[in-house]
Amino acid sequence: MPITAFEIETLLRESFPDATINVQGDDGAHYAAEVIDESFRGKNRVQQQRAVYAALKGKMDGSNGELHALALTTKAPE
């Protein structure tokens, strides 16, 4: 079953409640997300993206994942 941009944002909000989150895409499998959160301050890009993938709770895991591709931009607020 395909995942929606709203569902992705909802999952991300659970882990990053104060973040600025923008999810785009509507084909059910390929999305782009920007997550700007204070918790990313001092972390490198890989650490930031791992935190986002963890927030997705397995939705991108392997060929059975609901989310096939996510172009991800992460950063701390300026």
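All residue numbers in this chain count up from 1 along the given sequence. These numbers come from the heavy atoms of this one structure, side chains and all, not from hydrogens, waters or symmetry mates.
- Judged by distance alone, the side chain of Tyr31 and the main-chain N or O of Ile3 form a donor-acceptor pair under 3.5 Å.
- Heavy-atom minimum distance, Leu56 versus Leu11: O-CD1, 3.9 Å.
- Side-chain contact between Arg13 and Ile21: present, with at least one pair of heavy atoms (C-beta onward) separated by less than 4.5 Å.
- When all heavy atoms of Val35 and Ala19 are compared, the pair lying nearest together is CG1-CB, 4.2 Å.
- By the 4.0 Å N-to-carboxylate-O rule, Glu14 lies close enough to Lys57 to be salt-bridged with it.
- Ala33 and Leu70 get closest at one heavy-atom pair: CB-CD1, 3.7 Å.
- Put simply, the side chain of Ser39 does not reach to within 4.5 Å of the side chain of Gln48, judged on heavy atoms.
- Judged by distance alone, with hydrogens and angles left aside, the side-chain atoms of Gln49 form no donor-acceptor pair with the main-chain N or O of Thr74 at under 3.5 Å.
- Scanning all heavy atoms of the two residues, the minimum distance from Val46 to Asn44 falls at N-OD1, 3.0 Å.
- No donor-acceptor pair under 3.5 Å is formed between the side chain of Glu9 and the backbone N or O of Phe6.
- Taking each heavy atom of Phe40 and Lys75 in turn, the nearest pair found is CD1-O, 3.3 Å.
- A donor-acceptor contact shorter than 3.5 Å is absent between the side chain of Arg45 and the backbone of Thr73.
- The shortest non-hydrogen separation linking Gly25 to Ala5 is O-CB, 4.0 Å.
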